[in-house]
Colleague: 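The structure's right below; bear with me while I get my questions together.
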Amino acid sequence: MSEWSPERSAELYQVDAWSASFFSVSANGTLQVHPRRNGDEKIDVPQLVEELSRRGLRHPILIRFSDILATRIETLANCFAEAIRVQEYPARWRGVYPIKVNQQAHVVEEIVEYGAPFGVGLEAGSKPELLIALALLETPDALLICNGYKDRAYIETALLAQRLGRTPVIVIDRFSEIDIVIKVSSALGIKPHVGLRARLSTVGAGRWIESSGEHSKFGLSADELVRAVDRLRAADMLDCIELLHFHIGSQITSIRAHKDALREAMRIYVGLHNLGATSLHLLDVGGGLGVDYVGAGTDDPSSMNYTEQEYANDVVFAAQQACDEAGIAPPDIITESGRAMVAHHSMLVFDVIGVNRDQSPGKLENCVEDDHAVLHSMREAVEEIAPDNLSERYHDLVHGRDEAASLFSLGYLDLHGRAKSERLFHAGCLRIGGILEQMGESVEEFEDLGKLLTDTYFGNFSLFQSLPDSWAVTQVFPIMPIHRLEERPTRRAVIVDLTCDSDGRIDHFIGVGEDRPTIDLHAWNGQPYYVGIFLVGAYQEILGDLHNLFGDTDAVHVRLDPERGYAVEHLVEGDAISDVLSYVEYDRRALSEKVRRTLEKALREGRISIEDSARLRKNYDEGLAGYTYLGGND
Ligand SMILES: *Cc1c(COP(=O)(O)O)cnc(C)c1O
């Protein structure tokens with residue numbers, strides 16, 4: 001085997017491809033983060049994790065890098081600034097952040113703070129989100145886009161926000177909302193900023209195709225748009241129509257879909273203008289800007305075949321071209337890119353708490369005369385393995401193993417014999433694997449061998465809580481160990497979580513060309529082994545659920561600091577067991593009391609000693625107050 005190096009780890013885990021230059025592998029074999037991307041500042045991730053542990057944070061930990069968030073906002077703003085400059089576009093970019101993508105208070109606060117220099121606003125898709133936006137968005141002139149299902153209270157609140165100096169735009173998502181807007185605004189005597197959401201026939205590309213097209217949940221059809229204009233004209237509110245909105249879905253992987261949608265939307269924009277809605281001056285292109293989770297640059301579901309700059313160029317170009325042709329003033333451009341703003345900034349670190357692997361030494365053992373014939377023939381098959389008969393011998397071994405299993409069931413082979421058949425089978429698989437490797441071929445290509453030679457690493461986390469899209473839509477996320485990168489990872493592994501659900505398993509990893517069913521990890525030596533899951537800042541937190549009652553993880557914000565390198569802010573403690581129990585209506589004190597009474601009874605009846613009873617009570621009460629994830633074993 002040739003020498004291993006940190007560079008080879010970087011290549012293996014494809015750090016350059018997915019990390020957008022925010023992460024790299026150090027010469028010492030540790031992962032480091034560059035929160036300002038091309039700046040000199042860097043933080044050693046294992047050292048940071050170590051420090052966080054010393055501060056009492058527990059694993060798994062969600063780490064948010066505030067500067068990555070700031071850098072992503074700047075990137076988006078700069079891409080539009082550049083497109084506008086190059087194409088001499090006569091209007092502005094006025095991006096908003098859709099709160100639903102990550103509603104955590106500290107995240108939204110930071111977006112408002114870092115976005116302020118660029119006039120970044122917020123998008124609310126529900127009443128609770130509107131209430132968040134109303135409180136947090138103080139940036140002068142920034143837009144507050146109001147989407148989603150609306151009732152009278154929602155619209156009234158949005159309208160009254162104008163009195164606070166905010167700029168709410170009420171986007172008509174469903175035709176019936178128009179009448180409420182007309183009624184409420186005239187009752188309050190406030191002239192609303194109205195947006196119309198168009199339902200495009202262009203469908204997105206990628207996993208969320210269903211959210212677009214003729215049957216999408218939101219948006220007005222062409223007929224409804226025409227009637228909306230008529231209705232507002234009749235209410236003498238034609239000049240309230242300021243914005244046209246569309247949204248073709250999230251994680252649009254193909255630039256073609258964006259271009260098609262933009263062309264159709266601009267036809268509508270010009271059409272509305274021609275109908276008399278000449279106050280239109282805002283084009284809201286929704287979300288959908290992708291994140292290349294695997295760094296492949298393709299239109300595969302976890303990738304994207306365009307850059308942010310290309311996207312900005314195309315949006316500006318489409319708006320410019322259509323307006324020039326129609327002889328109308330080009331609109332300010334609003335993006336609602338959420339995923340692209342927040343995905344990069346957070347990572348989850350978990351520790352490996354155990355490994356299941358075939359523990360047999362893999363050496364070929366002898367057979368004795370007493371051994372069953374099936375074992376003798378399996379042993380011969382292993383001995384005969386050679387490059388030109390791999391498939392044949394492999395089938396012999398599979399056959400032998402299966403036969404041994406049925407002989408065992410029928411009582412013709414004892415447990416020792418069955419165990420030996422498994423060891424012989426494993427030794428054979430290893431031998432075939434070794435030869436394939438020497439021939440430069442992948443074991444994954446060879447029948448079931450990849451699976452058979454795969455270890456199961458148990459991670460101290462819940463997929464359902466921290467990585468729901470991995471389960472729900474088989475989204476691929478970058479995953480790699482954060483240390484030992486100077487060392488060759490010798491084990492082929494899948495990762496499973498703490499839940500007792502067989503779906504709590506990661507078997508899609510970044511591969512060259514296509515996804516890999518396994519990841520190469522280092523042999524677990526009983527020392528803490530930390531693995532990171534990256535680009536988890538968008539959607540993963542709030543869609544997460546309490547499967548098996550694993551709760552929120554501890555979370556922390558890390559900000560670069562000119563003096564100390566970095567500063568740890570907003571230490572957010574994850575759920576205690578009593579918290580998650582209360583979500584499902586258990587009362588901590590009632591539970592504890594019940595256990596206490598049962599213990600008293602057991603004591604009285606002499607079934608438990610005083611010491612053991614005290615210990616169980618202590619474990620119970622400490623358990624209720626403790627983290628839902630696992631601690632150490634010391
Ligand atoms: C979800 C959503 C977004 C955010 O989409 P991303 O793909 O995350 O950028 C924007 N606008 C609307 C209306 C949405 O529903």
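For this chain, numbers begin at 1 and follow the sequence in order. Numbering of ligands and ligand atoms starts at 1, following listing order.
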Colleague: Collect the protein residues that have a non-hydrogen atom under 4.0 Å from ligand 1 and hand them over in chain and number order.
Modeller: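 Contacts of ligand 1 under 4.0 Å: P98, K100, V101, E123, N147, R197, H245, H247, S250, Q251, G287, G288, E336, S337, G338, R339, Y539.
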Colleague: Measuring only between side-chain heavy atoms, which start at C-beta, is L348 closer than 4.5 Å to L467?
Modeller: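 Heavy-atom side-chain distance check fails, nothing below 4.5 Å.
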Colleague: Are R227 and F175 in a cation-pi contact, defined as NZ or CZ under 6.0 Å from the six-membered ring centre and within 45° of the axis?
Modeller: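 Pair R227/F175 counts as cation-pi.
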Colleague: Take D497 and T499 through the side chain to side chain donor-acceptor pair (under 3.5 Å) test and state the conclusion after the steps.
Modeller: CA-CA 6 Å; D497 72 358; T499 68; 2.8 Å; yes
Colleague: Mind checking whether H570 and H557 have parallel, tilted or perpendicular rings, split at 30° and 60°?
Modeller: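 It falls in the perpendicular class, over 60°.
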Colleague: Might you point out which heavy atoms bring F317 and Q87 nearest each other, and give the distance in Å?
Modeller: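 Shortest heavy-atom separation between F317 and Q87 comes out as CA-OE1, 3.2 Å.
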Colleague: If only atom types and distance count, is the side chain of R166 paired as donor or acceptor with the main-chain N or O of L137 below 3.5 Å?
Modeller: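 Checking the backbone N and O of L137 against the side chain of R166, a donor-acceptor pair under 3.5 Å is found.
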